[in-house]
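Below is one structure, written out as structure tokens; comments come after it.
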Amino acid sequence: MDKADKLSFDMLLGHLKAASEATRLRLLFLLAQSELTVSDLTTILGQSQPRISRHLKLLCDAGIIERFPEGAWVYYRLVDRGAGSFLTRHILSHLDEADAQLTRDQERLEGVRRAQADAANTYFDANAREWDEVRKRHVPEAAVEEAILACLPDLDFKNHLDVGTGTGRIIELFAPRVERALGIDANPRMLSVARNKLTQAICPVQVRQADIYNLTLQSNVLGPEFDLVTIHQVLHYLDDPALALSEVARVTAPLGHWIIVDFASHKLEFMRSDYAHRRLGFTDEQMHSWFRGVGMTPIKVQKLAPEKISGEELTVTIWIAKKQ
Ligand SMILES: C[S@@+](CC[C@H](N)C(=O)[O-])C[C@H]1O[C@@H](n2cnc3c(N)ncnc32)[C@H](O)[C@@H]1O
């Protein structure tokens with residue numbers, strides 16, 4: 001074992017003390033699966049917010065978890081570097097997940113996720129028909145599309161997967177450069193607009209209802225491996241983008257490319273209440289650490305000129321990555 005994998009006596013003691021309490025161990029079990037807010041954790045554990053916050057503070061002070069504010073919400077996650085992180089994972093790997101308490105926590109976590117997905121679904125149900133217009137509201141669409149097409153200029157692709165395809169615009173955009181395309185989306189209304197709109201004239205296209213967290217695609221659809229994956233303005237609707245990206249990496253071909261388009265980190269809190277966003281954009285650092293964690297190498301970042309909305313900047317970012 002390297003010296004870097006070791007903890008000082010005091011740190012090891014602090015780590016073990018912090019983890020050795022029932023609620024805190026449950027919190028660690030949950031945070032090992034997902035980044036979560038205090039409000040999510042309060043709902044799942046059924047304990048008061050001050051109590052949960054106290055436990056979270058203790059785990060933060062011991063360097064086991066970290067907090068990151070994002071607008072009015074604060075997310076918590078396991079620290080994912082250093083000896084302490086190995087120790088936490090090691091401790092958790094010995095937990096029997098069939099334990100009655102953990103099973104209940106797990107079910108409540110899934111309930112929280114379902115409720116969040118339902119909120120986004122309700123929004124897209126209501127906006128499916130007008131989505132092609134809604135999309136233009138906060139972003140300079142032509143400039144974004146031009147930049148997306150220009151970012152891997154010399155490459156054509158065999159199998160294109162567009163994740164969260166919505167009404168299928170990104171499939172249309174890449175159709176002249178791919179042999180075939182598959183769009184997946186969780187929302188049937190968005191997909192029915194896509195089905196009506198997408199023509200088979202340029203390349204064979206299929207759209208399927210599927211969840212980004214589970215891309216176990218049936219054998220009659222394209223793939224199973226995709227050399228181009230696009231995810232356009234989808235990740236900010238997800239409660240766990242890192243988990244989603246690990247599933248997308250699983251169906252990405254060796255040397256395959258990702259083009260991910262989303263907002264840079266921003267402060268427009270109303271995007272949550274009015275447009276069902278969960279995350280207020282992403283930093284390059286966050287995105288790149290997720291890429292590396294699932295075997296994708298970041299190769300390029302492009303930022304478009306920011307739009308000014310309610311006095312705050314909203315910047316569309318294109319992140320390109322390649323599978324090792
Ligand atoms: C903002 S729209 C973007 C649609 C399209 N990519 C575009 O840019 O026009 C986000 C899409 O992500 C889909 N979505 C949200 N959560 C999803 C999930 N868990 N799995 C698959 N699709 C999801 C929504 O149904 C919606 O169609």
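Starting from 1, each residue takes its place in the sequence as its number. Just so it is clear, the structure is predicted and the values come from calculations on it, not from any experiment. Numbering of ligands and ligand atoms starts at 1, following listing order.
Here Asp239 does not pair with Arg279 in a salt bridge; the nearest charged N to carboxylate O distance is not below 4.0 Å. Between Glu70 and Lys267 there is no salt bridge, since no side-chain N of the basic residue sits under 4.0 Å from a carboxylate O of the acidic one. Looking at Lys303 and Asp284, a side-chain N of the basic residue comes within less than 4.0 Å of a carboxylate O on the acidic one, giving a salt bridge. By the 4.0 Å N-to-carboxylate-O rule, Arg114 lies too far from Asp118 to be salt-bridged with it. A salt bridge does not link Glu107 with Arg104: none of the charged nitrogens is closer than 4.0 Å to a carboxylate oxygen.
Remark: distances from the non-hydrogen atoms of Ile170 to ligand 1 are all 4.0 Å or more. For the ligand labelled ligand 1, residue Ala210 lies inside the 4.0 Å heavy-atom shell. For the pair Arg169 and ligand 1, no heavy-atom separation below 4.0 Å is found.
Neither the backbone nor the side chain of Ala244 comes within contact range of ligand 1; no heavy atom lies under 4.0 Å. Contacts between His232 and ligand 1 below 4.0 angstrom, taking non-hydrogen atoms only, involve backbone and side chain alike.
Counting only heavy atoms of the protein, atom 12 (O) of ligand 1 lies nearest to Val234 CG1, 3.7 Å. Arg135 NH1, 2.5 Å is the protein heavy atom nearest to atom 9 (O) of ligand 1. When only non-hydrogen protein atoms are considered, atom 22 (N) of ligand 1 lies nearest to Ala186 N, 3.2 Å. For atom 19 (N) of ligand 1, the closest non-hydrogen atom of the protein is Asp211 OD1, 3.3 Å.
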**OP:** Go through Arg89 and Leu78 one step at a time and tell me if the side-chain contact (heavy atoms from CB on, under 4.5 Å) criterion holds.
**Re:** CA-CA 9 Å; Arg89 300 265 172 205; Leu78 290 190; 3.6 Å; yes

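Checking Leu238, Asp240, Asn121 against atom 16 (N) of ligand 1, the nearest heavy atom belongs to Leu238. Closest heavy-atom approach to atom 26 (C) of ligand 1 within the set Thr165, Asp239, Asp185, Ile212: this belongs to Asp185.
Note: no N/O pair closer than 3.5 Å links Phe124 and ligand 1 by distance alone. Between Trp131 and ligand 1, at least one pair of N/O atoms sits closer than 3.5 Å.
Shown in contact with Gly166 at under 4.0 Å from a heavy atom are these atoms of ligand 1, numbered in order with element: 4 (C), 27 (O). Contact atoms of ligand 1 toward Asn187: 25 (O) (distance under 4.0 Å to a heavy atom of the residue).
Geometric assessment of Arg77 against the ring of Phe68 yields a positive cation-pi assignment under the 6.0 Å and 45° thresholds.
Between Leu245 and Trp290, the shortest heavy-atom contact is CD1-CB, 3.9 Å.
Between Thr230 and the choices Ile148, Val163, Leu161, Asp162, the side-chain contact (heavy atoms from CB on, under 4.5 Å) rule is met once, by Asp162.
Within the 4.5 Å cutoff, side-chain heavy atoms of Leu30 are placed close to those of Leu45.
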